[in-house]
Each structure stands twice: as C-alpha cells, then as structure tokens.
Amino acid sequence: LDHYQASSVMLDTFSMYLFAQKSSDIKRKVSEIVKSRFYSRIGSTSSDWQVFRRLRWNHVYKRQCLVACNDLISEEIHRLCEEADFTAPLVPSLREWLKDKMFAFIDSVLFADHGTSPSLPTPLSHSSSLKAELETFAVNSFVDVRAKSLFEIILDFPDSLPAVKELRECVRDASNLLSIIAQTLRGILERRLLHLGASTNQILDFYVAMIKVLRIIDASDVLLHFV
C-alpha cells in the first residue's frame, strides 16, 4: 500500500473501532455535524468537520448522513406547510430547495471526496442514487404532512383545490401513499367530526366535500373505500 492507501486504511479502521465502542454517540455526533455544516454554522463545529472529513465518516457513516439529510428535508417541509395556505402548490418550491440547497450540499460538501479513492464509489453514481432516495423521502414526507392537514383542506374546498391536485400528483405513481392518507384521515374524522358536538348538517356537508376531494386525489375510489 502507498502512503495514501495506508492512511486511508488506518482512518477507516480507527473510525470503525469508535463505532464499535460508542455506536449511538458517534451516530448522534455525525448527525449534528452534518446538520451544522448544512446551515454553515461556525465555531467548534468547524474543527469537528475537519475531523469528520479526514476520517471519511461521510463514507463510513453514509446511512447516518442520509438520516441527517432526511431530518433537514422534514424540517423544510414543515416550514413550507406552516407558512403557506392551501391555495398554491408547494412541491415546486420543495423540489427547488432540494436542487439548490440539499443536492448542492451533497455534491460540493458531503460527498465531494467520493471517487478520489478506489475504495469509494464514483461521485456520479453515488450522488444520483442518493438524490433519488432523498427525493422519494421528500415526496413521502410531504404527503404525510399534508395528510395531517386534510381535514382543513376539505373544509376549505374548493379554495384548497391546488393542494388537493398536488396530493393527486404525489400519489399517482406511489399507491402505497393512499393507505397513509386513508389511515390519517380516519383518525382525524374520529377525533374532530364524529363527536357529540358536531351537528348532522355539519357532518353531511363535510362528507359531501370529502367525497369530492378524495375522488380528485384518487379517481378509482380506492381511497374513498379505505376511509
């Protein structure tokens, strides 16, 4: 082994040794470092980042780096949904954020050293698969968050039509998301509609709007059947 390869083996061996000793602590630290670097915080984290890259933990702890990125995506989705109403689509803004912020972070910072060593995958193949995985997570998470607001979306219908159509687009190629929407909505209906305080007229009006919304999301009526 040349000097570079020998150093790489030593660093990998040392980091794996630390992993075996304190797995939970190391994973938590990796997550903190990745998130802090994403937000470009300075201070003690800068030295942590140097160690992180030097040990190539972005390779050894690739899965934990992905978890940290998922957390960042979840935070952005909640921010978008909290700041917006249901009259405009949000997925375009989410995809723009993924491209300009998250994917740029992956390419230029988190996995920039991939492909510089025979032991690491090439940047293109690794980055493409990771981005696809993150984008799938983003869509699934967005549907999950929106499903929790479906009661309000139905109440606001037809003003909320853009949000309804957006849900339809999200679930079009992912039928498993229909079950998530159905389970979430059933729980919401039991808590917020099917109680002694709701009048018969309120319940009927809501159900009429709900049928319209669910049929827009899923024209096959599978979702309506689940609910």
Side-chain angles (χ1 to χ4, degrees), residues 31 34-35 38-39 66-103 131-227:
S31 181
V34 171
K35 291 179 182 180
F38 179 82
Y39 288 121
L66 180 60
V67 170
C69 289
N70 285 343
D71 289 344
L72 290 165
I73 291 172
S74 295
E75 291 173 7
E76 178 63 14
I77 290 172
H78 280 89
R79 186 192 68 78
L80 283 173
C81 291
E82 288 172 1
E83 294 180 357
D85 54 24
F86 308 124
T87 60
L90 296 182
V91 170
S93 296
L94 177 59
R95 292 190 189 280
E96 183 179 357
W97 179 87
L98 284 172
K99 178 183 177 182
D100 295 343
K101 300 293 181 64
M102 179 56 66
F103 293 166
K131 288 174 183 177
E133 188 171 350
L134 289 174
E135 187 161 4
T136 298
F137 173 83
V139 172
N140 291 354
S141 298
F142 177 79
V143 170
D144 182 62
V145 172
R146 269 305 201 220
K148 293 173 182 175
S149 299
L150 203 49
F151 189 90
E152 288 77 15
I153 290 175
I154 294 171
L155 286 178
D156 288 349
F157 188 80
D159 291 341
S160 61
L161 184 59
V164 176
K165 288 183 175 180
E166 189 164 61
L167 274 174
R168 179 184 62 191
E169 295 302 315
C170 289
V171 305
R172 176 168 291 172
D173 298 320
S175 57
N176 61 300
L177 295 177
L178 290 176
S179 62
I180 295 176
I181 294 174
Q183 292 171 7
T184 302
L185 183 57
R186 275 204 304 264
I188 293 173
L189 291 178
E190 291 173 0
R191 293 193 309 271
R192 302 186 60 178
L193 187 66
L194 303 180
H195 57 81
L196 295 177
S199 69
T200 301
N201 287 338
Q202 286 176 322
I203 294 175
L204 290 176
D205 289 343
F206 183 88
Y207 268 101
V208 169
M210 182 185 74
I211 290 171
K212 292 179 181 178
V213 166
L214 296 186
R215 281 182 169 167
I216 292 173
I217 296 174
D218 173 40
S220 70
D221 282 348
V222 172
L223 179 58
L224 187 60
H225 176 72
F226 283 158
V227 174

NZ (K212) and CD1 (I217) are apart, to the nearest 0.5 Å, by 14.5 Å
Within the 4.5 Å heavy-atom criterion, are V67 and S31 side-chain neighbours or not?
no
Rounded to the nearest 0.5 Å, how far does CZ of R146 lie from CD1 of I181?
11.5 Å
Rounded to the nearest 0.5 angstrom, the CG-CG distance for D218 and L178 is 5.0 Å
Starting from the C-alpha separation in whole Å, work towards a yes-or-no answer on salt bridge (charged side-chain N to carboxylate O under 4.0 Å, His left out) for R79 and E76.
CA-CA 5 Å; R79 186 192 68 78; E76 178 63 14; 2.6 Å; yes
D159 and T87: which non-hydrogen atoms are nearest, and at how many Å?
O-CG2, 3.6 Å
Kindly compute the distance separating CD1 (I216) from CD1 (I211), expressed to the nearest 0.5 Å.
12.5 Å
Is there a side-chain contact (heavy atoms from CB on, under 4.5 Å) between R186 and F226? Walk through the geometry before answering.
CA-CA 9 Å; R186 275 204 304 264; F226 283 158; 4.2 Å; yes
Report yes if some heavy atom in the side chain of F38 is under 4.5 Å from a heavy atom in the side chain of K101; otherwise report no.
yes
Nearest heavy-atom neighbours spanning C69 and L134
CB-CD2, 3.9 Å
Closest contact, heavy atoms only, W97 versus L72:
CH2-O, 3.8 Å
Validation row: D144, N140 side chains within 4.5 angstrom (heavy atoms)
no
Nearest 0.5 Å please: distance from the CG atom of L98 over to the CZ atom of R95.
8.0 Å
Of I153, L214, L150, which is the lone residue that meets side-chain contact (heavy atoms from CB on, under 4.5 Å) with V164?
I153
Where is the tightest heavy-atom contact between L94 and I77, given as atom of each residue plus distance?
CD1-CG1, 3.9 Å
Assess the residue pair V91 and E169 against the criterion (side-chain contact (heavy atoms from CB on, under 4.5 Å)); give the C-alpha distance rounded to whole Å, side-chain angles, the decisive distance to 0.1 Å, and a yes or no.
CA-CA 10 Å; V91 170; E169 295 302 315; over 6 Å; no
Looking at every non-hydrogen atom in both residues, tell me the closest pair between V143 and C170 and how far apart they are.
CG2-CB, 3.5 Å
Would L66 and N70 count as a side-chain contact (heavy atoms from CB on, under 4.5 Å) if you check the C-alpha gap in whole Å, the side-chain angles of each, and the deciding distance to 0.1 Å?
CA-CA 6 Å; L66 180 60; N70 285 343; 4.2 Å; yes
Determine whether the side chains of N201 and S199 contain a donor N or O and an acceptor N or O closer than 3.5 Å.
no
Kindly check if the number of other-residue, nucleotide or ligand heavy atoms within 6.0 Å of CD (E96) is above 12?
no
By ring-ring contact (aromatic ring centres under 6.0 Å, His included) - contacts of F206 (at least two apart)
F151
For S74 and S141, the nearest pair of non-hydrogen atoms, with its separation, is OG-OG, 4.3 Å
Reported CG-to-CZ distance for the pair L161 and R168, which is rounded to 0.5 angstrom
8.0 Å
